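Worksheet for the structure shown next.
Lettering of chains follows the sequences in order, A, B, ..., and the numbering in each one begins at 1. Note that the structure is predicted; figures quoted are calculated from it, not measured.
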There are 2 protein chains.
Amino acid sequence: MAPPRQVFIAVIGAGGVGKCFLTQLQQLASKLSQSPSSPTYLSLIYLSTSKKALYHPDYKSLSNWESELHASDKPTLPPTNLADYLVKAPGKVVLVDNTSNQEIAESYPTFLSKGISVITPNKKAFSSSYALWRSIFTAASNGSGAGGWVFHESSVGAGLPVLSTLKELLETGDTVRKIEGVFSGTMSFLFNSFAPTSGGGAAFSAAVKTAKEKGFTEPDPRDDLNGLDVARKLTILARLAGLEIDSPAAFPVQSLIPAELEACADGDDFLARLPEFDDRMEKLKRDAEKEGKVVRFVGSVDVGKGEVKVGLEKFDTGHPIAALKGSDNIIAFYTQRYGDNPLIIQGAGAGGEVTAMGVTGDLVKVLRLLQ
Amino acid sequence: MAPPRQVFIAVIGAGGVGKCFLTQLQQLASKLSQSPSSPTYLSLIYLSTSKKALYHPDYKSLSNWESELHASDKPTLPPTNLADYLVKAPGKVVLVDNTSNQEIAESYPTFLSKGISVITPNKKAFSSSYALWRSIFTAASNGSGAGGWVFHESSVGAGLPVLSTLKELLETGDTVRKIEGVFSGTMSFLFNSFAPTSGGGAAFSAAVKTAKEKGFTEPDPRDDLNGLDVARKLTILARLAGLEIDSPAAFPVQSLIPAELEACADGDDFLARLPEFDDRMEKLKRDAEKEGKVVRFVGSVDVGKGEVKVGLEKFDTGHPIAALKGSDNIIAFYTQRYGDNPLIIQGAGAGGEVTAMGVTGDLVKVLRLLQ
């Protein structure tokens with residue numbers, strides 16, 4: 001029987017994903033502490049929102065964090081101070097970043113080089129400059145460094161096993177030729193409503209309005225329609241596949257925002273005027289229908305040619321990308337070993353619970369590696 | 001920079017999967033030995049077929065194994081003697097069993113309890129008696145024991161990330177309600193040919209004949225048509241999901257062998273007489289067509305009800321199970337977090353290269369855990 005061990009957890013962010021993660025963390029901690037052969041105790045020693053933080057100088061475990069955080073008068077620690085606090089903890093530390101904050105993303109190399117592992121759904125760290133990507137993986141143990149471990153499964157496809165599958169294909173020596181799919185729950189919902197395989201469908205502006213009402217879009221839907229979210233995910237996949245993509249601006253990304261509406265004051269103004277441009281989208285839909293196809297908003301990486309692109313494509317109604325349901329994501333890996341029929345992963349690619357699940361799954365992996 | 005380390009590998013089986021694995025092992029060993037930050041040297045110290053073995057008393061690495069194995073006059077070591085040989089190796093040992101041998105499967109607890117890790121596509125170990133399952137996971141470090149690690153991703157869906165995904169759903173606290181899919185490349189090919197979603201299709205006996213000619217069946221196709229291969233995979237999934245399934249005989253499994261042909265002397269005799277029974281299968285196909293459906297050979301686990309079954313089911317032509325191509329597998333996980341639309345994994349589920357890939361992927365995981 002192995003002696004019990006303690007691992008310290010610091011969590012940044014207590015919003016949608018953060019709250020779901022904290023619940024999953026509590027369940028995991030309870031299960032791991034009861035393991036008969038090798039109990040592990042997880043101690044939450046730091047929790048912060050953008051405004052305030054909760055932690056004790058003696059690294060005492062946080063309890064009742066919701067009320068205590070509410071009552072806390074401590075400001076959030078800047079990344080450098082947080083790293084100083086965590087590095088002195090009496091044991092291994094895992095930092096969980098449940099934000100989409102650029103400044104925190106840029107501090108990952110600091111945490112990693114101090115031996116602190118980092119897990120996160122934050123796309124910014126892995127899809128901004130290639131220099132940041134390189135410094136993260138130069139520091140990490142699962143890069144070329146000797147520091148902490150870094151995992152970010154939820155940065156693409158939420159809890160779906162997308163990055164782990166791509167890594168395994170590559171690590172076992174397969175040649176990945178092409179990656180293609182629908183990488184945005186918002187875009188999936190929009191096009192499954194606008195251009196269903198059964199024909200008909202809503203006007204594009206009506207589909208956007210419904211998506212917003214259902215909470216499937218960002219507060220300003222232009223933040224989904226500009227394609228940048230998908231472009232960030234494609235940047236991550238392409239880099240993992242070995243391409244040195246400079247940034248999400250380094251390849252063609254089609255925006256679905258009519259040029260005339262770029263300057264709208266806010267999302268409401270944008271939504272009010274979007275119907276004026278429905279005829280453009282209708283024409284695309286009808287042109288596709290004439291070929292027996294439907295339009296979908298997809299991203300693809302052609303690894304051999306080094307080409308990445310994001311935008312509208314037409315698919316036969318029987319194609320798995322056309323037949324997607326609801327707000328599901330689908331990711332197809334075309335490889336040498338899998339031949340003509342790709343390895344496909346499909347399911348919900350957004351939402352607090354499944355995004356947090358990818359983060360918790362990464363935590364399980366890191367805990368196994370830290371033993 | 002970490003000091004270089006050496007891990008010893010023993011491989012049983014040099015057939016279809018075994019040969020592909022040995023090629024992948026060589027590539028992996030070459031890559032790991034060149035890691036600038038923490039090189040790992042993999043040494044193949046034992047290789048055997050059912051008849052002969054190749055190994056050196058001083059644990060010297062094998063080279064030119066194809067010619068040396070051919071020339072070897074050493075008989076294959078029985079599992080107990082092999083365990084005695086391996087346990088004295090000067091470092092960590094991973095045993096790779098690329099056979100479908102029951103005796104070797106029954107010896108896994110011996111290897112594991114001696115600290116030797118085991119990776120394998122061999123379904124027998126995990127789908128025979130529940131007592132064997134229990135003794136394997138009582139010994140293993142990724143069970144309740146302190147011995148070696150055991151991984152068997154390729155025992156279901158070959159290289160597809162099926163077991164790792166199921167484990168992650170469970171470990172992160174999701175509730176898996178139902179698992180359903182097409183788990184046999186042979187059955188997939190047979191039904192995609194016999195009852196394509198576009199209508200028509202080959203006679204059932206003709207589909208079986210074509211499958212055999214293409215090498216998609218066992219030498220005697222009855223070994224596929226009896227459903228036992230699928231039943232073994234369902235046993236593994238159900239056990240991982242927490243059901244104490246006694247054996248693949250503990251739940252209903254539909255055999256596609258007409259009772260009248262059970263006693264055929266051999267596979268050729270069986271194939272020659274199979275056309276006599278085509279009208280039965282035609283009726284099933286026509287009955288499904290009347291409902292706008294197609295028949296498929298599927299397996300399912302209803303985790304809540306504790307029910308496992310294997311056999312023919314009807315699916316709408318638009319259902320992902322109906323729309324499968326070639327000899328692909330598809331596995332759908334219905335869970336609490338994923339809601340109405342399941343998490344789906346799809347792709348080739350048989351073949352030497354992709355099966356070996358699952359084994360190599362497991363080796364990568366074990367190597368990471370052994371450091």
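Your options are B/Ile344, B/Leu369, B/Val354, B/Ile330, and the one with the most heavy-atom pairs under 4.5 Å with chain A is B/Ile344. When the candidates A/Asn341, A/Thr360, A/Ile345 are compared by the number of heavy-atom contacts under 4.5 Å with chain B, A/Asn341 comes out ahead. Ranked by heavy-atom pairs under 4.5 Å with chain A, the list B/Gly145, B/Gly358, B/Gly361 is led by B/Gly361. Your options are B/Gly326, B/Gly351, B/Ala348, and the one with the most heavy-atom pairs under 4.5 Å with chain A is B/Ala348. Ranked by non-hydrogen atom pairs under 4.5 Å with chain B, the options A/Thr23, A/Asn329, A/Asp328, A/Thr197 are led by A/Asp328.
Here the shortest heavy-atom pairing between A/Glu171 and B/Leu28 reads O-CD1, 3.7 Å. The two residues A/Met357 and B/Thr172 come nearest to each other via the heavy atoms CG-OG1, 3.3 Å.
Within the 4.5 angstrom heavy-atom criterion, no atom of A/Leu324 approaches chain B. Contact of A/Gln24 with chain B is made through the side chain alone, with heavy-atom distances under 4.5 Å. For B/Leu370, no part sits under 4.5 Å from any heavy atom of chain A, backbone or side chain. In this structure, no portion of B/Ala323 lies under 4.5 Å from any heavy atom of chain A. Contact annotation for A/Leu169: both backbone and side-chain heavy atoms come within less than 4.5 Å of a heavy atom of chain B. Contacts of B/Gln27 with chain A are made by side-chain atoms alone, with heavy-atom separations under 4.5 Å and no backbone atom involved. Proximity to chain A (any heavy atom under 4.5 Å) is shown, for B/Lys167, by neither the backbone nor the side chain.
At a heavy-atom cut-off of under 4.5 Å, chain A is reached by B/Gly159, B/Leu160, B/Pro161, B/Thr165 from residues 155-166 of chain B, listed in order of number.
Residue-environment remark: NZ (B/Lys214) stays at or below the threshold of 12 foreign heavy atoms within 6.0 Å.
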Hey, can you pull the donor-acceptor pairs under 3.5 Å for the side chains in residues 177-186 of chain B, sequence neighbours left out?
{"from": "B/Ser184", "atom 1": "OG", "to": "B/Thr186", "atom 2": "N", "distance (Å)": "3.3"}
{"from": "B/Ser184", "atom 1": "OG", "to": "B/Met187", "atom 2": "N", "distance (Å)": "2.9"}
{"from": "B/Thr186", "atom 1": "OG1", "to": "B/Phe216", "atom 2": "O", "distance (Å)": "2.6"}
{"from": "B/Thr186", "atom 1": "OG1", "to": "B/Asp224", "atom 2": "OD1", "distance (Å)": "3.4"}

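Looking at B/Arg368 and A/Arg368, their side chains never come closer than 4.5 Å, going by heavy atoms from C-beta outward.
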A/Lys365 and B/Glu168: side chain to side chain contact (heavy atoms under 4.5 Å, CB included), yes or no, with the steps?
-> CA-CA 10 Å; A/Lys365 279 184 208 127; B/Glu168 184 156 319; 3.7 Å; yes
